[in-house]
Amino acid sequence: MADLRFNDEAFTMESLLFDDREVRFRAFEHRIYCADPVDPDHQELSIYVPEDYYEKGTIGKFDIHTAPIFMPNTIGGYRPGYFQKPGLDHHGRITASAIALYLGYVVVVPTARGIGLKDERGINTGVVPAALVDLKAAIRYLRHNRDVIPGDTEKIVTNGTSAGGAMSALLGCTGNHPDYEPYLREIGAADERDDVFASSCYCPITDLDHADMAYEWEFRKQPDAHTMRLSVNQEAAKENGITEEMLASLFHNGHPDFSKLPEEMRRAIVQRVPVTETMDLRQKHLSRDLAAMYPSYINSLNLRDDQGYALQMNPDGSGSFRNWIEKQVVRSMEKAVLEDADLKQYKWIDFHNDRPIGIDWDSFISFRTRMKPVPAFDKTGEPGSPENMAFGSLRIDNRHFTSFGAVHDVSGWPKAPAENVKLYNPLYYITDPRSVKAENFRIRAGAADRDTSLAVSSVLTLMLRNNGVKVDYLIPWGVPHVGDYDTGELFLWMHNLMK
């Protein structure tokens with residue numbers, strides 16, 4: 001059983017260079033945050049604290065007790081969240097956590113379980129709701145040690161991208177909800193609150209039980225799916241001494257996890273290959289049926305814009321809900337033009353006095369292009385999607401999480417219970433008075449991001465706003481499926497929250 005007391009005397013002194021300035025900080029690393037961990041390597045956190053708090057007492061208006069806590073997660077594709085120090089990421093970019101240290105934040109980086117993890121008995125240890133439960137346990141650990149932990153545990157700001165963006169949204173929507181208590185007790189989480197102050201969500205993959213409908217609503221007229229697939233350059237692998245057995249260990253249930261490779265090795269042997277898949281007749285029928293289901297779902301949500309007008313969808317997919325999304329896209333274009341982007345090359349954009357004022361929707365979607373074949377998320381058979389794996393059980397690698405997927409199953413997969421599916425969908429908790437919601441959300445879904453429909457982040461935004469939560473939402477022009485690309489704006493948003 002792990003000791004949940006935080007030892008503030010065990011740390012290393014480290015530094016990084018940012019903007020020609022050395023930032024010195026204390027690193028309190030690899031602290032297990034639950035008393036009965038299932039996988040200690042994926043149930044630990046590291047805390048980084050600017051040294052100026054110890055030497056000078058303050059940074060700006062904050063001291064070591066009042067400094068906000070920035071808590072990014074490293075979850076992607078529902079795979080495990082890995083340990084990442086502040087500094088450079090695997091693309092060579094400065095991490096948001098490094099910028100946070102420079103600005104005087106206390107940084108907490110938790111690891112978390114995810115798909116592909118199995119114990120010695122072959123039990124899946126990273127299926128729903130493991131990742132979210134682990135992040136909640138990390139927050140409870142901070143509050144359990146609030147008297148000795150640097151930073152203000154009432155000013156925790158979460159951050160994540162893709163599935164990690166979904167986790168950040170879930171943390172912001174499910175604070176202290178009793179649904180998660182049995183799982184938290186099982187791993188020995190501290191008996192504390194797990195609500196957060198604010199959530200930053202880049203391209204959040206949410207509302208999974210309706211995401212296939214949303215995808216076909218948007219892309220049903222696009223028969224070709226264009227994507228880049230990661231594969232191994234066999235010749236480069238041999239040159240680097242990678243055996244077939246080593247390569248086989250990188251794959252689980254048909255999906256590669258190249259994060260297990262050292263960075264230099266990954267760059268040497270992993271290549272991105274363009275792939276185009278064209279819908280067959282069966283997929284065209286599936287696409288038509290899924291798209292036809294989405295309007296009734298959207299209309300059931302009773303969404304309203306900021307002026308209180310109802311946002312609805314017509315049977316053909318048009319309507320005020322789609323018009324609202326169009327307005328967000330135009331707003332993104334206006335910002336891009338102010339930043340000197342040349343958009344007049346796109347004939348489907350309407351201009352007035354050099355200002356974008358409208359778009360042709362179908363041409364915009366054709367410009368975006370489809371990325372995922374049908375169904376996009378709840379696959380009907382092997383090899384399944386990361387989401388099918390996330391909703392697996394202890395002994396079953398893939399399960400369906402929609403009735404549609406289960407009805408059209410060709411691989412004999414069972415359907416996950418509704419109560420399990422609910423645990424990874426923030427929409428069910430936004431209207432639930434038993435959950436404490438974050439006061440502020442920042443949601444970004446790039447205009448070039450095709451991993452999920454733009455409707456998904458729009459619904460999340462509108463549901464939050466309709467229930468009194470402040471949301472800063474934007475569909476940044478030209479941005480694909482990625483996060484932390486506008487850290488200047490991110491930290492300005494956070495700075496304004498702390499006033």
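Quick note: numbers below take in every heavy atom, side chains included, and nothing from hydrogens, waters or symmetry partners. Everything numeric here is computed off the predicted structure, so don't read it as measured data.
Side-chain contact between Glu51 and Arg26: present, with at least one pair of heavy atoms (C-beta onward) separated by less than 4.5 Å. Within the 4.5 Å cutoff, side-chain heavy atoms of Arg399 are placed close to those of Pro417. In this structure the side chain of Glu14 never reaches within 4.5 angstrom of the side chain of Arg24, judged on heavy atoms. Counting heavy atoms from C-beta outward, Ile94 and Ile99 have side chains that approach closer than 4.5 Å.
Using a distance-only test at 3.5 Å, with no hydrogens or angles considered, a donor-acceptor pair links the side chain of Thr461 to the main chain of Ser457. Distance alone, capped at 3.5 Å, places no donor-acceptor pair between the Arg434 side chain and the Pro178 backbone. In terms of modelled atom types and a separation under 3.5 Å, the side chain of Tyr53 and the main chain of Gly104 share a donor-acceptor contact. A donor-acceptor distance shorter than 3.5 angstrom exists from the side chain of Ser168 to the backbone of Ser200, with no hydrogens or angles considered. Using modelled atom types, one side-chain atom of Asp212 and one backbone atom of Phe377 make a donor-acceptor pair closer than 3.5 Å. Under the 3.5 Å distance criterion, the side-chain polar atoms of Asp194 are left unmatched by any main-chain donor or acceptor of Gly175. The closest donor-acceptor contact from the side chain of Lys372 to the backbone of Asp451 lies under 3.5 Å. Listed for the Asp289 side chain is no donor-acceptor partner under 3.5 Å among the backbone atoms of Leu286. At least one donor-acceptor pair under 3.5 Å links the side chain of Tyr215 to the backbone N or O of Arg450. Panel note: side chain Ser411, backbone Glu382; a donor-acceptor pair is recorded below 3.5 Å.
In the displayed structure, Arg146 atom CZ is contacted under 6.0 Å by more than 12 heavy atoms of other residues, nucleotides or ligands. Taking a 6.0 Å sphere around CD of Glu186, one finds it holds 12 or fewer heavy atoms contributed by other residues, nucleotides or ligands. Atom CG of Asp3 is surrounded by more than 12 heavy atoms from other residues, nucleotides or ligands within 6.0 Å. Glu419 CD: more than 12 foreign heavy atoms inside a 6.0 Å radius.
Between His177 and Tyr429, the ring-plane angle classifies as perpendicular under the 30° and 60° cut-offs. Taking the six-membered ring where the residue is Trp, Tyr294 and Trp217 present tilted rings, their angle falling between 30° and 60°.
With sequence neighbours left out, the side chain to side chain contact (heavy atoms under 4.5 Å, CB included) criterion links Lys155 to Pro68, Asp152, Phe197, Met498. In this structure Glu218 satisfies the salt bridge (charged side-chain N to carboxylate O under 4.0 Å, His left out) test together with Arg368, sequence neighbours excluded.
Ring centers of Tyr424 and Phe401: at least 6.0 Å apart, outside the cut-off. Close placement of the Phe83 and His30 rings is indicated, their centers lying within 6.0 Å of each other.
Salt bridge status for Arg282 with Asp280: absent, with no side-chain N to carboxylate O gap under 4.0 Å. A salt bridge links Glu489 with Arg442; the closest basic N to acidic carboxylate O contact falls under 4.0 Å.
Side chains of Asp179 and Tyr428: no donor on one and acceptor on the other come within 3.5 Å. A donor atom on one side chain and an acceptor atom on the other are not found under 3.5 Å apart for Thr111 and Glu44. Between the side chains of Tyr297 and Asp209, no donor N or O sits under 3.5 Å from an acceptor N or O. Between the side chains of Ser199 and Thr158, at least one donor N or O lies within less than 3.5 Å of an accepting N or O. Side-chain contact annotation: Asp484 with Thr487, donor-acceptor N/O pair under 3.5 Å absent. Side-chain N/O atoms of Tyr48 and Glu29 include a donor and acceptor closer than 3.5 Å. Of the N and O atoms on the side chains of Thr125 and Asp39, not one donor lies less than 3.5 Å from an acceptor on the other residue.
Annotation: the span from Glu192 atom CD to Asn176 atom CG amounts to 10.5 Å, rounded to 0.5 Å.
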TODO: Determine, stepwise, if the pair Asp449 / Arg444 fulfils salt bridge (charged side-chain N to carboxylate O under 4.0 Å, His left out).
DONE: CA-CA 10 Å; Asp449 182 354; Arg444 293 292 183 270; over 6 Å; no

Open item on the list: Please evaluate residues Asn388 and Asp378 with respect to the criterion side chain to side chain donor-acceptor pair (under 3.5 Å), reporting the C-alpha separation (whole Å), side-chain torsions for both, the decisive distance (0.1 Å), and the verdict.
Closed with: CA-CA 6 Å; Asn388 288 125; Asp378 192 358; 2.9 Å; yes

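Checked options Lys136, Arg140, Glu154; the residue passing with Arg193 is Glu154 (criterion: side chain to side chain contact (heavy atoms under 4.5 Å, CB included)).
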